[in-house]
Amino acid sequence: MDTIYALASAQGKAGVAVVRISGPEAFDAATSLCGSLPAPRQHAVRRIKTASGEYLDEALVLVFPEGASFTGEAVVELHLHGSIAVVSAVLRELSELRGLRLADPGEFTRRALENGRLDLAQVEGLADLIEAETEAQRVQALKSLSGDLGQVVSDWRTKLIRASALLEAVIDFADEDVPEDVGPEVLSLIADITHSLQIQLDGFKSAERIRSGFEVAIIGAPNVGKSTLLNALAGRDAAITSEVAGTTRDVIEVRMELDGLPVTLLDTAGLRETDDIVESLGIERAIQRASAADLRVLLFEDSEPSDVALKDDDISVASKADHDGVGVSGLTGRGVDALIKRITSILTLRSKSAGLATRERHRVAMRETLSALNYAETLVSQNSEQYDIAAEELRVAIRHLEKLIGRVDVEMLLDEIFSSFCLGK
């Protein structure tokens with residue numbers, strides 16, 4: 001296997017830059033630069049020099065032996081002074097060494113997966129942690145990186161193997177007397193897994209929204225104050241405001257954080273009948289985005305319209321409350337804080353039901369597992385003559401679970417996942 005290297009910290013100037021070397025030639029390569037290495041899992045300051053003895057930098061050197069590193073391979077990290085020139089010089093020197101090559105995007109993490117240091121769900125958790133922008137995203141990503149989903153899947157798999165073994169025992173000894181009926185225990189195991197799976201599926205939408213962001217659509221008639229309210233919520237002039245009805249033709253998005261949750265506010269076109277083709281397209285798009293949003297805030301002036309269908313938890317509030325009455329005014333700021341608290345409260349409550357599965361492929365794998373379990377449960381409930389088919393369905397369920405955490409051949413899936421990583425990961 002090749003020995004790979006890359007800048008593991010961010011590109012550009014920094015106080016410290018980390019260059020990572022991983023593979024069978026890592027120690028020899030680092031020795032050629034440093035002269036000598038500290039003991040494994042220790043650190044020391046060394047002068048970095050070229051093969052001809054030219055002084056490049058002074059670095060903190062960390063050494064990790066095989067089996068005790070991020071990738072599972074022998075790894076050396078060079079903590080350099082973070083100038084672009086220093087990093088370029090060190091990378092150039094590494095490129096001259098035999099047996100070394102620049103890492104592909106995500107290759108360090110891929111090797112960690114292949115060497116059993118991470119499962120596939122943990123790899124995705126690491127990617128999410130790198131991309132995390134809010135506190136809720138950080139916490140959720142750490143759960144995935146810590147292996148919480150993998151542990152739950154492992155527990156499901158253990159129970160499925162037990163249930164399958166019980167059925168196989170009956171099948172293998174069909175011509176002999178089996179001391180007890182295994183059906184009740186198998187059904188109990190299936191029921192436990194099914195219940196746990198359903199909880200995770202029910203919490204998928206909230207978990208996925210924490211990862212990608214909740215959407216809150218501001219809807220209402222033209223010139224009701226939607227754009228002004230969006231600007232007040234965003235704290236900047238994100239949308240053009242005007243006395244002319246129909247100014248907003250397209251959906252305007254503003255991303256923000258509410259109590260650690262990622263939220264995208266949507267300013268939509270005013271809802272009304274119109275002969276203007278462009279405005280009508282904007283209204284159609286507004287209806288579509290509002291329907292797909294997680295929460296809608298309906299603004300109205302005189303009385304709440306009866307032709308707008310709201311869903312549970314949607315907010316209806318009087319607009320332009322500049323002086324008297326209960327409502328909200330983006331112009332004066334009246335009621336804006338209360339509205340933010342109300343939106344935050346609703347989304348926070350929803351986020352508490354978040355499961356461990358955060359990606360669509362997780363949901364699909366669990367749905368397929370659940371489908372196989374439901375069929376197996378039906379077969380076991382009928383009679384023992386169906387045990388062979390039920391056992392096969394349990395094996396199908398196990399394969400779907402293994403696909404979830406990357407224990408089967410998922411080469412194309414891996415290529416897609418790791419291509420999103422940077423070189424140093």
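A side-chain N or O of Arg46 and one of Ser36 form a donor-acceptor pair less than 3.5 Å apart. The closest side-chain donor-acceptor pair between Ser329 and Thr332 falls under 3.5 angstrom. There is no side-chain donor-acceptor pair under 3.5 Å between Glu77 and His43. A donor atom on one side chain and an acceptor atom on the other are found under 3.5 Å apart for Ser22 and Glu73. Side chains of Ser351 and Ser206: a donor-acceptor N/O pair is absent below 3.5 angstrom, by distance only.
Arg110 has a carboxylate O that lies under 4.0 Å from a charged side-chain N of Glu114, or vice versa, which qualifies the two as a salt bridge. Salt bridge present: Arg363 and Glu360 bring a charged side-chain N and a carboxylate O closer than 4.0 Å. Salt-bridge formation is not detected for the pair Lys226/Asp267: no Lys NZ or Arg NE/NH1/NH2 atom is positioned less than 4.0 Å from an Asp or Glu carboxylate oxygen. By the 4.0 Å N-to-carboxylate-O rule, Lys49 lies too far from Glu54 to be salt-bridged with it.
For the pair Glu185/Leu166, a side-chain contact is recorded, criterion being any heavy-atom separation below 4.5 Å from C-beta on.
Judged by distance alone, the side chain of Asp119 and the main-chain N or O of Gln122 form a donor-acceptor pair under 3.5 Å. In this structure a side-chain-to-backbone donor-acceptor pair under 3.5 Å is missing from Ser353 to Gly203. Using modelled atom types, one side-chain atom of Gln200 and one backbone atom of Leu356 make a donor-acceptor pair closer than 3.5 Å. Panel note: side chain Gln137, backbone Glu133; a donor-acceptor pair is recorded below 3.5 Å. The closest donor-acceptor contact from the side chain of Glu392 to the backbone of Ile389 lies at 3.5 Å or more, if one exists at all.
Nearest heavy-atom pair, Gly72 versus Ser69, reported as atom, atom and distance to 0.1 Å: N-OG, 3.0 Å. Val87 and Ala17 make their closest contact through CG2-CB, 3.5 Å (heavy atoms, listed as atom of the first residue, atom of the second, distance). The two atoms that bring Ala26 and Val76 nearest to each other are O-CG2, 3.9 Å, heavy atoms only. In this structure, Gly213 and Asp294 approach most closely via the heavy-atom pair O-OD2, 4.3 Å.
With values rounded to the nearest 0.5 angstrom, Lys205 atom NZ is found 9.5 Å from Phe214 atom CZ. We find the OG-CG distance between Ser345 and Asp313 to be 9.0 Å, quoted to the nearest 0.5 Å.
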For this session: List the steps, then state whether side chain to side chain contact (heavy atoms under 4.5 Å, CB included) holds for Glu257 with Leu261.
Result: CA-CA 5 Å; Glu257 179 179 345; Leu261 296 174; over 6 Å; no

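A cation-pi arrangement, defined by a distance under 6.0 Å to the six-membered ring centre and an angle within 45 degrees of its axis, is present between Arg20 and Phe108. By the 6.0 Å and 45° rule, Arg101 does not stack over the aromatic ring of Tyr5.
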